[in-house]
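One structure is given below, encoded as structure tokens.
Remember, it's 1-based here, ligands and their atoms both numbered in the order they're listed. Here the structure is a predicted model, which is why all the values come from computation and not from measurement.
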Amino acid sequence: MKHTAPPRRRKLNAWGFEGVSFSPPRPLRSWLEERIGPPEPRSAVDPRSLRLPAPARLPDLPVPTSDDPADRLLHARGRGFSDLVRLRTGTLPALPDAVVRPEDATDVQEVLRICSRAGVRVIPWGGGTSVTGGVNTLPSAAPTVVLDLERLSGLVAVDARSGHARVRAGTLGPALEAALAPHRLTLGHFPQSWELSTLGGWVATRSSGQESLGFGRIEDLVAGLELVAPAGRLSLPALPASAAGPDLRQLALGSEGRFGVITEATVRVSPRPARRAVEAFLLPQWEDGVEAVREMVLAGLPLHMLRLSDPTETEVGLATGTGGHAWSPLARGWLRLRGAGPGSCLLLCGAAGTPREIRWTLGETRRLLKRYRAVSLGEGPGRRWLLDRFRHPYLRDGLFDLGWATDTLETAASWSALPGLYRAVRLVLASTLPNEEVAVLCHVSHAYRDGASLYFTFFFRDAEDPEEMIALWAALKRAATSVLPAAAGTLSHHHGIGSWHAPWYAREAGTDGVRLLAAAARELDPQGILNPHVLFDPVDRLEV
Ligand SMILES: Cc1cc2nc3c(=O)[nH]c(=O)nc-3n(C[C@H](O)[C@H](O)[C@H](O)COP(=O)(O)OP(=O)(O)OC[C@H]3O[C@@H](n4cnc5c(N)ncnc54)[C@H](O)[C@@H]3O)c2cc1C
């Protein structure tokens, strides 16, 4: 008899799966206590004890429709900062009236037709891992349903000769890789949220994975797609390249559920690498590290990952083991003797392929880094990082329990603008809260020929009152987001716009750009039922 594992249940008010956690290690707690002060432990309310408002009456829908309280709670918010605070404290301003689960594109079309006619809002939902307020149900006079694509999942077909795979949009990262494995293929798209996010969500948010340097960002991987909207359908064939007018695939990429529901995509897949290796280095200072990363990309080294931590992130990583493994004081003394003292930066260089290909790539990397006086730490820290890479997000909930708040913020800019952007964001995060210390870490998460992304993590102490806590976070988020356009940084390198960055979107796309996109949305969705607060809604909703 064949046994299949029961599906893993998601936590209702935290990141990830039930039964998995990541407690903040003691050195990290000591570091935070020293930097931002002692916390006061905060416990979360039991989500099952919450009294939920009764769901609104909905028109009959021809697909499984659930108004089960746990289902409504699980689909009320994404997994960004205020989402978790509201879920932990039971202070949700609104809940979806139902969760609907179509099985194919015809079901989706039918749900959209009926909801459009009845004035019911529809929020397309992949894995619900948005960190930009992208899937949040907000207070409204109109009923809201969440369209969960979990049943619309699986591999449809593989064209191995062309390196194409047709995949349904609701397919989760692990299921997609498992389906490609027998073909010895991989998509190679590994965002940190990989275990819980979907192909459709990646396409709708222009996602980037940890190995996008090697395999490409999601927009490089999409060859064709299908999108179903209340008033139309886009069926864009898989083509290697085309000069047939503007590329409509780009309208779906980053559309965040506003133009329609992506029901499937044909993606470019690659041979599955036999092995992965990540070698760690310490570089004497941040500026050298940034220059080394730039040179490695321009030299065309076939690396799959480059990740450079700034001195503070390196200090935390080496002391606590969160960026690899913890280094004893003796080992750190040895590193200092070799020129990697305080102020040095941890660089992770990842390669994938046959053992021979990896040896060659890392050999060339070492040769190039010699000129930057890099000290190799070997493959130990990288092995640890690979093992823990999908566990790290659980740390945030452990910190919440202890009374420390943390969030992340990411952007990108040209190489010329990068140093100014780094300084501006660090300064604004560290100086915005008048009565609280904020600790700021940063790493270069992705690098390109013309620039790189910066990924900031910041910590501050929780407030007891959830509204006060969200207000502190919103003040930091507002201040940091406001400096991005002025410092030539994008509003987002890979998280997207959602409802939280929407008030700033016109600064990047221009008012005419936003007008053009809003007109396209009106054509496809004349009643404006699809995820109406993302992308173009200029109202600041950080505190909702
Ligand atoms: C801990 C953590 C780590 C993360 N790490 C990364 C990372 O490394 N890289 C990265 O890029 N992002 C990352 N994210 C952000 C998030 O995982 C991505 O934005 C991801 O692409 C969202 O996928 P999802 O399936 O969960 O989409 P959802 O969160 O369900 O939806 C996101 C947006 O897309 C829309 N949408 C979803 N599916 C469809 C569809 N089929 N058709 C139309 N619209 C749709 C939704 O309406 C919403 O606007 C992280 C988030 C968390 C919480």
I'd like to know if E256 pairs up with R258 as an ion pair, taking the criterion as any Lys NZ or Arg NE/NH1/NH2 lying under 4.0 Å from an Asp or Glu carboxylate oxygen.
no

Between D220 and R268, is there a salt bridge with N-O shorter than 4.0 Å?
no

For a distance cut-off of 3.5 Å, show me each N or O of ligand 1 paired with any protein N or O, plus the separation.
residue  : atom   : partner : partner atom : Å
ligand 1 : 8 (O)  : Q192    : N            : 2.8
ligand 1 : 9 (N)  : S208    : O            : 2.8
ligand 1 : 11 (O) : S207    : OG           : 2.9
ligand 1 : 11 (O) : S208    : N            : 3.0
ligand 1 : 11 (O) : S208    : O            : 3.3
ligand 1 : 11 (O) : H494    : O            : 3.2
ligand 1 : 17 (O) : T129    : OG1          : 2.6
ligand 1 : 17 (O) : S193    : OG           : 2.6
ligand 1 : 19 (O) : T205    : OG1          : 3.4
ligand 1 : 21 (O) : G201    : O            : 3.4
ligand 1 : 21 (O) : T205    : OG1          : 2.9
ligand 1 : 25 (O) : G127    : N            : 2.9
ligand 1 : 25 (O) : T198    : N            : 2.8
ligand 1 : 25 (O) : T198    : OG1          : 2.7
ligand 1 : 26 (O) : G127    : N            : 3.2
ligand 1 : 26 (O) : G128    : N            : 3.2
ligand 1 : 26 (O) : T129    : N            : 2.9
ligand 1 : 26 (O) : T129    : OG1          : 2.6
ligand 1 : 29 (O) : T129    : N            : 3.0
ligand 1 : 29 (O) : S130    : N            : 2.9
ligand 1 : 30 (O) : G126    : N            : 2.7
ligand 1 : 30 (O) : G127    : N            : 3.3
ligand 1 : 30 (O) : G128    : N            : 2.8
ligand 1 : 41 (N) : I262    : O            : 2.9
ligand 1 : 42 (N) : I262    : N            : 2.8
ligand 1 : 44 (N) : G257    : N            : 3.3
ligand 1 : 47 (O) : P124    : O            : 2.6
ligand 1 : 47 (O) : N531    : ND2          : 3.1
ligand 1 : 49 (O) : G134    : O            : 3.1
ligand 1 : 49 (O) : E256    : O            : 3.0
ligand 1 : 49 (O) : N531    : ND2          : 3.2

Distance-only criterion, 3.5 Å: show the donor-acceptor pairs between side-chain atoms of residues 168-175 and protein atoms not counting sequence neighbours.
residue : atom : partner : partner atom : Å
R168    : NE   : S153    : O            : 3.4
R168    : NH1  : E103    : O            : 3.3
R168    : NH2  : E103    : O            : 3.3
R168    : NH2  : R151    : O            : 3.3
T171    : OG1  : G154    : N            : 2.8
T171    : OG1  : R168    : O            : 2.6

Those residues that, when tested against L251, pass side chain to side chain contact (heavy atoms under 4.5 Å, CB included) (two or more places apart)
L248, F259, L517

Of all pairs that satisfy salt bridge (charged side-chain N to carboxylate O under 4.0 Å, His left out), the ones with a partner from residues 77-90, not counting sequence neighbours
R77-D83, R86-E467, R88-D401

Students often mix this up, so state it plainly: with edges at 30° and 60°, are the rings of Y455 and H443 parallel, tilted or perpendicular?
parallel

